[in-house]
Amino acid sequence: MKKYLQFALMIFCMSAIFTSCKDDDDSDDVAVEAYKLENEQAFAAKANDPDFFKVSIQGAGDDFIYAKRLKEADKPEIPIYYNSRVTVYYKGWFPNSEDGEYFDKKELEDGSPSEWAVSTASSNYNSYYGTGIPSPISGWTIALQNMKVGEKWEVWIPQRLGYGSVDKKDSAGNVTIPAYSTLVFEIEVIERTAEVAGTT
């Protein structure tokens with residue numbers, strides 16, 4: 001009889017643990033959906049801001065970003081192509097970030113500008129060794145191809161053109177950009193450094 005009571009108790013405990021875990025999972029799902037909706041609404045609100053304009057590129061389908069021009073180009077005769085490489089200063093934050101709170105930045109006081117391939121067409125980045133010129137998220141690719149050297153923009157990027165449903169983590173495994181985040185960047189193009197194979 002004692003053996004049956006122990007078995008029943010074990011089953012009860014396992015059931016309670018499973019139910020608790022399921023409740024936690026449901027709570028996490030609700031929080032994620034709420035965060036996703038909040039970020040989608042923040043992006044959509046830019047449609048009503050007269051300082052911002054919609055930006056897209058050929059081949060991107062219906063995808064677009066919103067941008068505000070903060071500084072005119074000092075070299076408007078130098079366009080940027082999908083297979084260009086550029087150097088930029090930038091800073092990135094979330095729609096609900098406090099002033100001066102950035103998840104990533106490279107500014108003048110941080111030293112030399114950061115070099116990026118505008119798209120995978122001009123990237124030679126080796127993720128294993130961490131060497132070469134990386135390509136950015138799709139939202140940056142759209143922005144850069146519409147900018148000129150010397151311009152500075154503030155851009156709003158929807159989650160589908162950022163990191164989507166994937167958490168972005170640092171080398172220690174800490175989440176730096178949660179899944180479904182709308183991303184805001186200030187980007188200043190300093191120089192177009194190269195063209196890679198077949199500019200048209």
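Bear in mind the structure is a predicted one, so any value in this text is a computation, not a measurement.
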Give a yes or no answer on whether the side chain of Ser135 reaches the backbone of Ser123 with a donor-acceptor pair at less than 3.5 Å. no

Salt bridge between Asp104 and Lys91, side-chain N to carboxylate O under 4.0 Å? no

My understanding is that only one of Phe103, Tyr102, Trp116 makes a ring pair (Phe, Tyr, Trp, His ring centres under 6.0 Å) with Phe185; could you say which? Phe103

For Glu98, is the CD atom crowded, meaning more than 12 foreign heavy atoms sit under 6.0 Å from it? no

Asp28 CG to Glu33 CD distance, which is reported to the nearest 0.5 Å: 12.0 Å

Checking Glu115 now: which residues fulfil side-chain hydrogen bond (donor to acceptor under 3.5 Å, both in side chains) with it, not counting sequence neighbours? Thr193

According to salt bridge (charged side-chain N to carboxylate O under 4.0 Å, His left out), does anything in residues 158-175 pair up with another residue at least two apart or in another chain? List the pairs. Asp63-Arg160

Are Lys106 and Tyr89 in a cation-pi setup, meaning NZ or CZ lies under 6.0 angstrom from the ring centre and within 45 degrees of the ring axis? no

Separation between CD1 of Ile65 and CD1 of Ile57, rounded to the nearest 0.5 Å: 9.0 Å

Mark yes or no for whether Asn83, through its side chain, and Val196, through its backbone, hold a donor-acceptor pair below 3.5 Å. yes

I'd like to know whether CD of Glu109 has more than 12 heavy-atom contacts from other residues, nucleotides or ligands below 6.0 angstrom. yes

Under a 3.5 Å distance rule, please check whether Ser97 uses its side chain to pair with a backbone N or O of Phe94 as donor and acceptor. yes

When rounded to the nearest 0.5 Å, the distance separating CD of Glu72 from CG of Leu70 is 10.5 Å

Under 3.5 Å: donor-acceptor pair, side chain of Ser119, backbone of Tyr82: yes

Plane angle bin for Phe43 and Tyr66 - parallel if under 30°, tilted between 30 and 60°, otherwise perpendicular: tilted

Any side-chain heavy-atom pair of Glu101 and Trp93 under 4.5 Å: no

Ignoring hydrogens and geometry beyond distance, is a side-chain donor-acceptor pair present between Ser181 and Tyr35 at under 3.5 Å? yes

Centroid separation Phe53 to Trp153 less than 6.0 Å: yes

How long is the span from the OG1 atom in Thr131 to the CG atom in Asn126, to the nearest 0.5 Å? 4.5 Å

Are side-chain N/O atoms of Ser138 and Trp140 paired as donor and acceptor at under 3.5 Å? no

For Asn146 and Ile142, indicate whether the former's side chain and the latter's backbone hold a donor-acceptor pair under 3.5 Å. yes

Supply the atom-to-atom distance Gln145 CD to Ser84 OG, rounded to the nearest 0.5 angstrom. 8.0 Å

All heavy atoms of Ala117 vs all of Pro136, minimum pair found to be O-CD, 2.7 Å

Give, for atom CD of Glu107 and atom CD of Glu188, the distance between the pair rounded to the nearest 0.5 Å. 10.0 Å

